[in-house]
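Below: one structure, written as structure tokens.
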2 protein chains.
Amino acid sequence: MDLAPSPLARPFPDLPAIEGVTLRVARARYKNWDRADLTFAELAPGTTVAGVFTKSACASSEVEMGREQVRLGEARALIVNAGNSNAFTGIRGREAVEQIMAQVAEALDCEPSAVFVSSTGVIGVPLPKDKARAGVAAVLEAEPCGWEEAAAAIGTTDTFNKGAGASAMLGETRIELAGIIKGSGMIAPDMATMLGYIFTDAAIEAAFFQEMLSKANAATFSCITVDGDTSTSDTVLAFATGAAGNAPLASWDDAGADAFYAALLDVCRELAQLVVRDGEGAQKFIEIAVAGAKDDESARRVGLAIANSPLVKTAIAGGDANWGRVVMAVGKAGEPADRDRLSIGFGGTWAAKDGQPLADYDEAPVAKHLEGEDIRVDVDLGIGEGRATVWTCDLTHGYISINADYRS
Amino acid sequence: MDLAPSPLARPFPDLPAIEGVTLRVARARYKNWDRADLTFAELAPGTTVAGVFTKSACASSEVEMGREQVRLGEARALIVNAGNSNAFTGIRGREAVEQIMAQVAEALDCEPSAVFVSSTGVIGVPLPKDKARAGVAAVLEAEPCGWEEAAAAIGTTDTFNKGAGASAMLGETRIELAGIIKGSGMIAPDMATMLGYIFTDAAIEAAFFQEMLSKANAATFSCITVDGDTSTSDTVLAFATGAAGNAPLASWDDAGADAFYAALLDVCRELAQLVVRDGEGAQKFIEIAVAGAKDDESARRVGLAIANSPLVKTAIAGGDANWGRVVMAVGKAGEPADRDRLSIGFGGTWAAKDGQPLADYDEAPVAKHLEGEDIRVDVDLGIGEGRATVWTCDLTHGYISINADYRS
């Protein structure tokens with residue numbers, strides 16, 4: 001399937017090389033295509049790792065093993081297979097992952113548990129071991145490549161390559177972060193969604209790195225949705241090589257911890273938003289800001305109920321300031337709300353306040369806002385201090401066309 | 001908006017007159033249309049009532065008041081306004097409902113609390129009191145009409161008129177049930193969804209009637225979904241005039257209680273399925289049977305997670321036996337499941353068993369089944385005895401076309 005780039009696509013950014021990270025790609029031909037589909041990131045000894053994974057009860061072997069590996073905190077390599085998710089493939093699927101881990105571990109002279117594997121693509125077909133073996137052999141010998149080549153090689157139905165970077169000063173030491181991500185459908189916010197990889201040359205202890213990533217995830221990857229469908233393989237991994245030479249970060253009290261977190265949060269937010277921008281069939285990027293909820297988590301749930309509502313998403317696709325559908329979505333969210341305190345606005349103009357349409361509501365600026373590509377919806381529940389912002393895209397004929405045909 | 005009838009439409013059935021129920025319709029012109037949009041059912045003195053309502057936190061005044069009225073257990077009249085839901089209209093909306101109740105109560109010489117009001121249509125526009133007053137005056141004088149005229153008058157985006165009937169023997173007494181319903185979008189199973197009205201000439205005490213209706217609702221209206229969006233106005237009311245003259249039913253031990261419940265359940269199931277058959281853009285009717293869950297409620301939730309998955313619904317629209325998407329939906333349901341015990345089938349053919357695709361899976365009969373109009377999906381979680389069946393429709397370009405344009 002060749003799709004035109006999303007109208008919301010962003011150009012791939014200039015990303016810095018991260019010392020201690022070497023990228024390579026190869027053609028394993030997991031599908032009948034002529035493109036790189038196996039990605040290898042070699043990581044310097046001493047690299048720490050953090051990860052967040054899908055909460056799916058039917059997670060892939062890659063996810064099950066990744067959860068255990070992250071607890072050990074050490075990484076030497078990442079392998080990403082595109083074109084076959086290896087999910088729901090039983091023992092044969094697990095054996096394929098173990099084969100890849102052993103093959104890479106032998107080449108790098110490291111523990112297999114330091115080799116992280118992700119796979120994305122069709123569900124229910126065991127990853128072919130022969131293609132994986134040949135592909136890994138090829139990628140180990142391949143020339144190093146850049147970020148965009150790696151971002152392209154991990155993609156499946158993505159219509160553009162997605163990356164983000166940031167830097168921060170940890171005392172006198174400048175550190176860099178670079179991340180790549182893939183995903184455009186089967187995107188829903190139940191912890192990590194999609195495959196995302198973030199690399200930094202900062203030194204940071206694994207446990208604290210995990211704490212930071214989990215916190216950033218809650219405000220970024222867990223706040224996006226395309227279709228409310230949660231993949232069996234969703235993974236975000238973050239790797240810190242330590243090559244920058246800063247004193248390793250171990251707690252929020254350490255100098256530079258806040259700066260590093262801010263940079264990490266920036267990268268996570270940008271990567272998360274890029275996935276929404278490649279939402280299947282997306283024509284509009286929608287930011288939904290919820291305030292006045294019982295607490296932040298309640299605000300997030302209300303925001304996602306709105307973001308996942310097919311009626312809200314189709315209304316915005318049609319340029320219709322249909323705030324009644326937003327009321328409906330707030331009502332069904334299952335969170336504390338009081339109809340008579342609820343206010344709703346679009347693009348900075350309130351349409352309804354305190355449970356009633358505004359008497360002097362002027363639809364003209366709202367209609368103008370909805371003609372644009374970046375849509376803002378404001379919801380104030382009026383009952384507390386909880387806040388959250390979530391991101392989604394509209395629901396269009398494109399989503400139907402893509403998904404009524406593609407065997408994912 | 002004039003839509004062609006759903007390809008899944010059913011002809012309106014022959015429904016018996018229910019003694020003690022008189023139907024009338026009138027033109028209130030709540031919208032700029034030339035059709036009856038105000039429906040009145042006059043109910044004989046002594047009629048008992050039961051009801052189930054949306055759980056929306058932003059329910060309409062009609063729903064709020066209906067919940068209180070049902071507790072009193074007595075009904076003399078039902079008024080249904082089509083074209084304006086009167087939801088999210090604050091005190092002005094409530095006043096319009098109270099005006100209708102008072103006007104009808106005066107005409108019938110009954111308590112206003114015995115007059116039930118429902119409204120369906122656009123959200124956020126107060127029901128115009130002058131149109132309501134003139135419409136009620138007209139309907140009180142109108143000639144009696146039949147079930148199909150009433151079913152047509154309560155509809156909004158419905159593409160066909162929906163009714164169902166049943167009868168039962170309570171000892172020597174034959175009783176009749178007749179029901180009508182409207183709904184095609186904003187349909188999700190959070191207790192009652194849509195507007196449905198069931199009438200019977202049986203005599204049944206209000207509390208026991210409520211118990212029966214709640215039980216039937218759990219297995220029917222709460223097991224359907226079109227788009228996962230729950231309306232602010234959903235209501236199912238059931239009225240029993242007692243004109244058949246049976247000894248009033250008061251408990252499950254009474255002779256005829258089981259027979260009456262079976263008939264009530266039949267009518268509820270048929271009405272619920274008719275709503276799915278008019279699902280916006282629906283081309284296929286989908287039955288999802290879940291077995292082997294922890295308990296029945298868990299099975300229902302898993303079934304609805306599948307039924308609400310845009311990826312499952314688009315796959316079926318495309319005739320694709322994409323059981324991987326069913327695995328995904330089971331995984332995201334948040335219910336107990338074990339990937340390695342999960343089995344999935346279509347139309348009686350298993351595609352995957354015990355967490356793996358079947359080695360000898362023959363896709364031909366499944367592909368043939370998916371070409372049809374009535375689709376069956378079987379899911380066995382393999383961990384318990386819980387069972388549930390839910391009903392939905394596919395997700396097509398029609399849903400997008402209808403909802404990107406219509407201000408609901």
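Every chain is numbered from 1, with letters handed out A, B, ... down the list of sequences. FYI, side chains are in, hydrogens and waters are out, and symmetry mates aren't considered; it's all heavy atoms of this structure.
Looking at every heavy atom in both residues, A:Ser401 comes nearest to B:His397 through OG-CE1, 3.0 Å.
Contacts of A:Leu342 with chain B are made by both backbone and side-chain atoms, with heavy-atom separations under 4.5 Å.
Heavy-atom pairs under 4.5 Å with chain B peak, among A:Pro126, A:Gly90, A:Gly355, A:Gly124, at A:Gly355. In terms of heavy-atom pairs under 4.5 Å with chain B, the best-connected choice from A:Asp338, A:Thr396, A:Asp340, A:Asp394 is A:Thr396. Among A:Arg92, A:Glu335, A:Glu64, A:Lys313, the residue making the largest number of heavy-atom pairs under 4.5 Å with chain B is A:Glu64.
B:Leu311 contributes atom CG, which lies 6.5 Å from atom CD of A:Glu280 (distance to the nearest 0.5 angstrom). We find the CE-OG distance between A:Met328 and B:Ser85 to be 11.5 Å, quoted to the nearest 0.5 Å.
Contact check for B:Gln356 versus A:Phe88: no side-chain heavy atoms found under the 4.5 Å cut-off.
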